[in-house]
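Working notes for the structure below.
Values below: all heavy atoms of this structure, side chains included; hydrogens, waters and symmetry mates excluded. One-based numbering, in listed order, for ligands and for the atoms of each.
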Amino acid sequence: MLHLQHYKKLGIGDIFHKVEENTRLEMDDGLRLYQCPDVVAVGALADRVRRRRHGNAAYYVLNQHINYSNICVNGCRFCAFHRKAGEQGAFELSLEDVLQKLSERPRGSIREVHIVGGCHPALPLTYFEDMIRGVKASRPEVHVKAFTAVEIDHFAHLEGTSTRDVLARLHKAGVDMLPGGGAEIFSPRIRTILCPEKLDGEKWLKINGEAHELGMKTNATMLYGHLETEGERLEHLLALRELQDRTGGFTCFIPLPFQPCNTPLANTPLASTRLGRTQPATGVEDLKTIAVSRLMLDNFSHIKAYWVMLTLKLAQVALHFGADDLDGTIVEEKIGHMAGAQSEQALTREELKRVIEEGGFTPLERDCLFNPVNPAEPLSATGTEN
Ligand code: SF4
């Protein structure tokens with residue numbers, strides 16, 4: 001139960017009214033929510049919005065992650081995943097390896113395959129087209145979510161063509177959707193420090209807009225808890241909201257807490273937030289960021305509590321702070337775990353359902369595009385086994 005008097009005492013009675021009246025929040029509102037000392041009060045506002053959209057449902061998906069390579073021409077300072085070619089720990093999968101990973105999963109056990117990798121210096125676009133065609137032939141019943149805007153930009157450079165052309169070719173090969181990675185924080189100030197080789201925020205948005213125009217849905221992320229300010233987080237959210245107003249092509253927003261372990265930032269004070277802290281985000285800041293995201297992104301249907309980065313326990317709690325999705329079974333997670341993620345590598349459907357139910361929500365299995373699916377219904381199995 002939300003009490004106006006309490007919000008007035010906190011100095012955010014006007015935001016309470018805006019949420020009640022479904023009025024769009026602005027930058028200053030977001031800053032004040034971040035500065036509010038009562039995270040439960042902020043979370044209750046976000047929960048109000050979340051329940052208006054999704055009632056008591058909390059989504060999950062049966063999915064599998066496949067990383068084709070961690071060899072990358074870039075050297076983002078927050079990344080523990082990438083390696084240079086020949087460096088210890090570098091890997092690169094052949095097309096056969098990718099299909100082998102898929103075939104290790106029993107048919108009918110996944111509805112989504114999520115494929116990303118580093119910006120490899122040499123793999124041609126035909127490698128990726130063949131990969132996606134192979135995946136679709138092997139598992140015609142699954143949706144393919146593959147290649148961030150960063151990879152699309154890189155493929156276009158290597159191929160000497162436009163990002164729109166790359167997107168169209170990959171869409172034709174079978175990519176249904178782009179994952180939301182690579183957005184990091186759009187702030188040019190931060191990108192210059194942390195990932196100067198990577199495409200800038202404007203280009204990330206442009207590529208996602210192009211994907212939307214081609215009929216592809218995409219997700220969006222925000223990496224927080226490194227050197228950015230709360231204002232820069234809010235600028236990031238508002239830039240996403242603005243593109244979503246124009247295209248409507250984003251499905252889900254995923255705030256990702258930075259994991260410093262094994263990155264060049266591991267021993268760097270992370271000190272430029274309002275709190276002046278020198279350590280990564282704590283649980284309260286994670287929950288507040290989920291809640292503020294839910295409240296600011298009024299045109300996004302879904303907010304994901306990505307259990308790999310948050311831990312499963314905090315992701316469960318985040319369902320009460322504005323999140324409505326827990327992601328999925330994953331099967332094999334490399335990116336977060338190479339950066340020290342403490343969560344499990346994979347979950348079963350039963351584990352996900354239990355976490356959702358014990359959190360007080362009703363589990364709703366979904367596909368990649370958030371269409372509800374009936375778990376009792378076997379997936380169609382029209383493809384050929386590898
Ligand atoms: S974040 Fe992506 S682009 Fe940056 S170094 Fe890591 S793999 Fe490469």
Side-chain angles (χ1 to χ4, degrees), residues 65-93 98 114-125 127-128 131 145-159 163 166-167 170 175 178-208 211 218-228 232 236 254-266 268 270 280 306 308-309 330 332-341:
H65 282 203
I66 297 178
N67 300 123
Y68 55 87
S69 176
N70 65 346
I71 298 173
C72 187
V73 296
N74 297 336
C76 304
R77 293 185 68 216
F78 48 75
C79 174
F81 173 70
H82 73 282
R83 297 287 185 278
K84 296 296 173 204
E87 193 179 337
Q88 196 180 15
F91 68 87
E92 178 182 327
L93 302 187
V98 170
H114 169 113
I115 303 174
V116 294
C119 293
H120 192 284
L123 291 171
L125 190 54
Y127 164 88
F128 298 103
M131 179 198 295
K145 171 152 63 76
F147 313 126
T148 67
V150 176
E151 290 163 280
I152 300 295
D153 186 51
H154 177 69
F155 301 162
H157 276 295
L158 279 188
E159 211 68 23
T163 50
V166 169
L167 287 165
L170 290 171
V175 171
L178 300 192
E184 323 306 359
I185 279 274
F186 294 143
S187 156
R189 179 183 81 83
I190 298 291
R191 285 182 108 80
T192 304
I193 301 169
L194 294 187
C195 50
E197 301 101 344
K198 194 175 249 176
L199 84 183
D200 62 21
E202 267 179 39
K203 190 88 187 279
W204 189 96
L205 290 163
K206 175 175 171 279
I207 292 169
N208 276 269
T218 73
N219 285 342
T221 59
M222 175 175 75
L223 185 73
Y224 67 92
H226 39 84
L227 304 176
E228 85 292 351
E232 285 163 333
H236 185 99
I254 312 146
L256 299 171
F258 169 56
Q259 318 251 332
C261 197
N262 302 325
T263 76
L265 288 184
T268 303
L270 307 174
Y306 186 44
V308 171
M309 300 295 202
I330 306 285
E332 181 190 30
E333 203 288 325
K334 285 187 190 298
I335 296 174
H337 285 86
M338 286 173 80

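- Residues His226 and Glu228 have side chains that bring a donor and an acceptor to within less than 3.5 angstrom of each other.
- Using a cutoff of 4.0 Å between basic side-chain nitrogens and carboxylate oxygens, Asp200 and Arg191 are not scored as salt-bridged.
- When atom types are taken as modelled, the side chain of Asn70 and the backbone of Phe81 share a donor-acceptor pair closer than 3.5 angstrom.
- Around atom 8 (Fe) of ligand 1, protein N, O or S atoms at less than 2.8 Å comprise Cys72 SG.
- Residues satisfying the side-chain contact (heavy atoms from CB on, under 4.5 Å) criterion with Ala85, sequence neighbours excluded, are Ile71.
- Judged by distance alone, the side chain of Arg83 and the main-chain N or O of Gln88 form a donor-acceptor pair under 3.5 Å.
- Residues Tyr127 and Phe155 have side chains not in contact (no heavy-atom distance under 4.5 Å, counting atoms from C-beta outward).
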